[in-house]
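All figures in this text were calculated on a predicted structure; none of them were measured in a lab.
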Amino acid sequence: MYSKILVLTGLLIFFSWSSITDTSSAAEAKPTILFIYASEKKQVDENIHMLDATFSAFAMKQQVVSAEDFTPDLLRGTDVVVFVGDFEIKLPSLLIQEIDRFKGEIIVIGYNGSQFKAFNEWKFQDEVEISKLDNTSLSIPMSVVDVIPPDGSELIEVGNSLYAQHPYIVKNGRLTYIASSAFENDQKYALSKQMHQIMGVKEPTVHPAYIRLEDISPVSDYKLVQETGDYLADRGIPFYLAVIPVYVNNENGEKVFMKSNQKLVNVLRHLQSRGGIVISHGYTHSYRYEETGEGFEFWDNQLNQKITTERTDKLPESLPKRESFRSESEYRIIMDKMDLIEKGYIETKHQKAIEELTDIGLYPLAFEAPHYTMSSTGYKITSNYFTSIFGQVQLSDEDWEIMDAPLFVSNPSILSGMKLYPETIGYVNPQLEDPLEVVKETVKRLKDIPGSMVGGFYHPYLGMEHLQEMLDLIYSVGTIEWLDLSETEQRVQTDQVLVHQQENGELTVESDRNTWKRLVENSVDKPLEAMLWGLSIVVLLFIIAFFIYIVNLRAALKKRLFRERDYSG
């Protein structure tokens, strides 16, 4: 009898525990998000890119589509709809009809919310200007839609005008409204601070963090690289080595290859063995003989446009504007040709960088674009070689200075599947009176953003002067967890090389490269050196041939002497 009672009690406890575990797991599971935007000419601007990036950090899967391209089947399997109205338009009736039928969470940002029946009880009024958000004065006043939510709504965040408070983020049951799609720096911090509450997920108690040793090229001081790297390794900190395989002399275009600096290569291998994780930071970090580390590589900064030629002797023409063509098809023909040039250029750069690093025993696990600049086409090409990217994201194909990064690890759609580990705190800038001024300001703000990434970089040429102070600032955010890519799934690949990092820490490297292939590539990269080697080989062959000729001549002469002696004898 007692045994039956014990069995029943055990079963009850087991099922109760299973129920609690399942409920907890469901609560923490990330949702599937359909991100719909309405913008002028279906173009995705920087605001939409940043909102997409921020919400993607909270999604198991996120699909991005314009209001005009929406189809009902996109809602299948969707848990949350995020709609961004970047400007006022009449929404397609199909979109309105299907969203009104949708039973999941709906988040509306900016304009056009009043067109959805779910928001019938909300009163959308004229725009108002606020000068304060999240108790912080805005550098520039911003316009928000003045909304009166239904009674019982939760005011998550408010903005302040001169005379009144205005709802900025409001939640009412399954509906959430955010009063502006603008995403300048102040708005980014205000929205990010409330993202866990908006998404209904528990706030994390730790901040992921990383520090990158930046711009390590063949002319870097190997002693300073080792000193800074060992200092981090001694403290058990996983750290990142942003390596540039080739240095370009900006005066004459001469190249210096990493493999020629064996002392630095040995230091980098040593640091890699101690937990340093290599990042491919371009191939030369330069374009048109710009100095490595200072120049751009995947963006023509002189013309402020994507790469349209590999020639460095003269500037190409600026990319034509759409208005210059009679039709969209004519314009696309030209742009498709430019895309092919850019594609070939970027593919060559990635292949050379990955292969030359692996040739010397350095195994990159991610990519960082020089100066964070690259077109959306460039990101798509890059995703064929890397699964992860560090830094910030260029948000415009027309202006490299329009760049930013979300405050969370995310999967922005512009990156074509690559995971972004954002740079959020800046770096030590010796040109400032206080070299850590920017780092101090951003760290202070990140403290209030649950789960925000604390990522920055440090130049080894600075030595140890500011490194500990920067680490102290990172630790001041609160409880941090150092990012370690060696415990994540990563793939870096070309046609000849595969670097595969597994979550269990196992790293496998496969390479089809041999000595002959390297010699051929070296002859292309260094034609003069190859020609001198060729001449040396030809001379050597002549010497060998001459030696063989002399030996044969002596043998023939000797033979002849023996014959003459025998004949005369």
Pair K349-T284, side-chain hydrogen bond (donor to acceptor under 3.5 Å, both in side chains): steps then yes or no: CA-CA 8 Å; K349 291 281 190 170; T284 61; 3.2 Å; yes
Pair S56-Q62, side-chain hydrogen bond (donor to acceptor under 3.5 Å, both in side chains): steps then yes or no: CA-CA 6 Å; S56 74; Q62 179 161 296; 5.0 Å; no
Trace of the side chain to side chain contact (heavy atoms under 4.5 Å, CB included) decision for Y458 with H466: CA-CA 9 Å; Y458 187 87; H466 302 287; 4.0 Å; yes
Residue pair S375, D397: steps toward the side-chain hydrogen bond (donor to acceptor under 3.5 Å, both in side chains) verdict: CA-CA 5 Å; S375 73; D397 281 343; 4.6 Å; no
Candidate pair Q226 and H270, rule side chain to side chain contact (heavy atoms under 4.5 Å, CB included), full reasoning: CA-CA 8 Å; Q226 179 162 4; H270 161 74; 4.0 Å; yes
side-chain hydrogen bond (donor to acceptor under 3.5 Å, both in side chains) between Y385 and Q351, worked out: CA-CA 8 Å; Y385 295 87; Q351 288 167 6; 3.2 Å; yes
Verdict with supporting geometry, L365 and I279, side chain to side chain contact (heavy atoms under 4.5 Å, CB included): CA-CA 6 Å; L365 297 187; I279 298 174; over 6 Å; no
Derivation and outcome, side chain to side chain contact (heavy atoms under 4.5 Å, CB included), residues L498 and V509: CA-CA 6 Å; L498 169 63; V509 180; over 6 Å; no
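Atom CD of E398 sits in a sparse spot, with 12 or fewer heavy atoms from other residues, nucleotides or ligands closer than 6.0 Å. More than 12 heavy atoms of other residues, nucleotides or ligands lie within 6.0 Å of NZ in K188, so this atom counts as buried by the packing criterion. Within 6.0 Å of CD on E481 lie no more than 12 heavy atoms contributed by other residues, nucleotides or ligands. Atom CG of L340 has more than 12 neighbouring heavy atoms from other residues, nucleotides or ligands inside a 6.0 Å radius. Counted within 6.0 Å of CD on E328, heavy atoms from surrounding residues, nucleotides or ligands total more than 12; the atom is thus considered enclosed.
Side chain of E297 to backbone of Y283: a donor-acceptor contact under 3.5 angstrom is found. The backbone N or O of T508 sits nowhere less than 3.5 Å from a side-chain atom of H500 that would complete a donor-acceptor pair. Counting only distance, with no hydrogens or angles, the side chain of N112 and the backbone of F87 share a donor-acceptor pair below 3.5 Å. Looking at S192, its side chain never comes within 3.5 Å of a backbone N or O of Y189 through a donor-acceptor pair. A donor-acceptor pair under 3.5 Å links the side-chain atoms of Y210 to the main chain of P422, judged by distance alone. Between the side chain of D484 and the main chain of P238, no donor-acceptor pair closer than 3.5 Å is present. A donor-acceptor pair is defined here as one N or O able to donate and one able to accept, closer than 3.5 Å; such a pair exists between the side chain of S220 and the backbone of S217. S324 places no side-chain N or O within donor-acceptor distance of the main-chain N or O of P320, the cut-off being under 3.5 Å.
Residues F183 and E46 form no side-chain contact, since every pair of their non-hydrogen atoms from C-beta on lies 4.5 Å or further apart. At a threshold of 4.5 Å between non-hydrogen side-chain atoms, the residues F257 and P245 do not count as touching. Residues L319 and T308 are in side-chain contact: their nearest non-hydrogen atoms beyond the backbone lie under 4.5 Å apart. Between Y345 and Y287 there is a side-chain heavy-atom pair separated by less than 4.5 Å. Side chains of I178 and I107 form a contact here, defined as non-hydrogen atoms less than 4.5 Å apart. In this structure, I140 and E184 have side chains that are not in contact, with every pair of non-hydrogen atoms separated by 4.5 Å or more. Between I36 and V82 the shortest side-chain heavy-atom distance does not fall below 4.5 Å. At a threshold of 4.5 Å between non-hydrogen side-chain atoms, the residues Q501 and L485 do not count as touching.
Atom-to-atom distance recorded for I307:CD1 and W299:CH2 is 8.5 Å, nearest 0.5 angstrom. Once rounded to the nearest 0.5 Å, the distance linking OG1 of T32 with CG of D79 reads 5.0 Å. Between atom CG of residue L264 and atom CD1 of residue I360 there is a gap of 8.0 Å, rounded to the nearest 0.5 Å. For the atom pair S396 OG and D45 CG, the distance stands at 9.5 Å (nearest 0.5 Å). Rounding to the nearest 0.5 Å places CG of D512 at 7.0 Å from CD of Q496. One finds the CH2 atom of W400 at 9.0 Å from the CD atom of Q394 (value rounded to the nearest 0.5 Å).
Taking all atoms of both residues into account, the shortest heavy-atom contact from Q490 to T488 is NE2-OG1, 2.9 Å. Residue A242 comes nearest to E214 through the heavy atom pair CB-OE1, 3.5 Å, listed as atom of the first residue, atom of the second, then distance. Taking both residues in full, the closest heavy atoms of M258 and I216 are given as CE-O, 4.0 Å, listed atom of the first, atom of the second, then distance. The heavy-atom pair separating E489 from T387 by the smallest distance is O-OG1, 4.4 Å. Heavy-atom minimum distance, V497 versus R513: CG2-CD, 3.8 Å. When every heavy atom of A67 is checked against every heavy atom of L91, the shortest pair comes out as CB-CD2, 4.5 Å.
Considering L357, I354, L507 as possible partners of Y363, the one that fulfils the side-chain contact (heavy atoms from CB on, under 4.5 Å) test is L507. Of the listed residues (V492, T382, T494, N384), just one forms a side-chain contact (heavy atoms from CB on, under 4.5 Å) with H350, and that residue is T382.
For K306 and D339, the salt-bridge test passes: some basic side-chain N is under 4.0 Å from an acidic carboxylate O. Salt-bridge check for K343 with D336: failed, with every basic side-chain N at 4.0 Å or more from each acidic carboxylate O. Ion pairing between E423 and R212 fails under the 4.0 Å rule for side-chain N and carboxylate O. Between K259 and E356 there is no salt bridge, since none of the side-chain N atoms of the basic residue sits less than 4.0 Å from a carboxylate O of the acidic one.
Listed by chain and residue number, nothing satisfies the salt bridge (Lys or Arg N to Asp or Glu O under 4.0 Å) test with D73 (two or more places apart in sequence, or in another chain). With sequence neighbours excluded, the residues satisfying side-chain contact (heavy atoms from CB on, under 4.5 Å) with H371 are H285, F296, T373.
Taking the six-membered ring for Trp and the full ring otherwise, F58 and F408 have centroids separated by under 6.0 Å. Side-chain rings of Y240 and F390 approach one another, their centers coming within less than 6.0 Å.
Note on ring orientation: taking the six-membered ring where Trp is involved, the planes of Y427 and H459 are perpendicular (angle over 60°, cut-offs 30° and 60°).
Within the structure, every pair that satisfies the salt bridge (Lys or Arg N to Asp or Glu O under 4.0 Å) test and touches residues 52-70, not counting sequence neighbours, is listed here: K42-D69.
Under the 3.5 Å distance criterion, with hydrogens and angles disregarded, a donor-acceptor pair is assigned to the side chains of D86 and S181.
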